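Okay, structure first, notes after.
We count residues from 1, following the sequence as given. This structure is a prediction, so every number in the text was calculated from the model and none was measured.
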Amino acid sequence: MLIMRGTDESNAAMMANIDEMMATTRQFIEDLFKAGVYVAAEGLDDPGQGVVVDFSGEAPVVTDGPYGETKELFGGFFLLDVASKQEAVEWAKRVPAAPGSKIEVRRVPGSDEVPQVDE
């Protein structure tokens with residue numbers, strides 16, 4: 001999974017050129033599809049529209065966005081089916097991203113790797 005992470009500044013830069021960013025992202029997804037590695041991709045709405053449910057106290061506390069204390073925001077993802085971490089990294093290097101943003105590469109374990117609970 002290629003996780004898109006941005007800051008307020010990189011998100012603003014992306015929004016300033018949203019038409020160009022959308023075109024390059026569509027081309028990137030087409031390249032993933034043609035290479036046979038595309039599984040899914042989604043972007044997320046503005047963080048100001050979301051909420052956080054915090055479980056650090058006795059009862060869950062809901063806080064409306066935006067979140068001033070957040071240094072990086074999860075902006076969306078690309079889910080790929082690749083043979084190795086290095087192949088995922090090579091695709092991550094090609095993600096259309098605004099300056100200052102980051103792409104986190106994380107492996108999604110298969111269902112056969114998750115411990116099963118006997119009932």
Check your understanding: Would you call Val37 and Glu87 a side-chain contact if the rule is heavy atoms closer than 4.5 Å?
Key -> yes

Review point. Is any NZ, NE, NH1 or NH2 atom of the basic residue among Glu90 and Lys85 found under 4.0 Å from an Asp or Glu carboxylate oxygen of the other?
Key: no

Exercise for review: State the OG1-CD1 distance between Thr25 and Ile18, to the nearest 0.5 angstrom.
Suggested key: 7.5 Å

Practice item. For the residue pair Val108 and Leu79, establish whether any side-chain heavy-atom pair is separated by less than 4.5 Å. Key: yes

Check your understanding: Mind checking whether Phe78 and Tyr38 have ring centres under 6.0 Å apart?
Key -> no

Check your understanding: When hydrophobic residues are tied together by side-chain contacts of less than 4.5 Å, even through go-betweens, does Ile29 share a cluster with Ile3?
Key -> no

Review point. Does CE belonging to Met1 count more than 12 external heavy atoms closer than 6.0 Å?
Key: yes

Check your understanding: Can any side-chain N or O of Ser10 pair as donor or acceptor with the backbone N or O of Gly6 at less than 3.5 Å?
Key -> no

Revision key, fill the gap. What one should report as the nearest heavy-atom pair of Leu2 and Ala88 is CD2-O, 3.7 Å

**Study point:** Met21 side, atom CE; Met15 side, atom CE - distance, nearest 0.5 Å
**Key:** 10.5 Å

Check your understanding: When you look at CZ of Phe74, are more than 12 heavy atoms from neighbouring residues, nucleotides or ligands closer to it than 6.0 Å?
Key -> yes

Check your understanding: Under 6.0 Å from the CD atom of Glu42, do we count more than 12 heavy atoms belonging to anything else shown?
Key -> no

**Study point:** side chain to side chain contact (heavy atoms under 4.5 Å, CB included) between Glu113 and Arg107, intermediate numbers included
**Key:** CA-CA 12 Å; Glu113 299 175 87; Arg107 186 173 166 275; 2.7 Å; yes

Check your understanding: Can you name the nearest heavy-atom pair linking Pro96 to Thr24, along with the distance?
Key -> CB-OG1, 3.4 Å

Review point. Can you check whether Leu32 reaches Leu80 side chain to side chain, under 4.5 Å on heavy atoms?
Key: yes

Review point. Say you draw a straight line from CD1 of Ile103 to CZ of Arg94; how long is it, rounded to the nearest 0.5 Å?
Key: 13.5 Å

Exercise for review: May I ask you to decide whether Glu30 forms a salt bridge with Arg26, counting only side-chain N to carboxylate O separations under 4.0 Å?
Suggested key: no

Review point. So, the side chain of Glu20 versus the backbone of Asn17: is there a donor-acceptor pair under 3.5 Å, distance only?
Key: no

Exercise for review: May I ask whether Phe33 and Val82 are part of the same hydrophobic cluster, defined by side-chain heavy atoms of I, L, V, M, F, W, Y residues being less than 4.5 angstrom apart, directly or through others?
Suggested key: yes

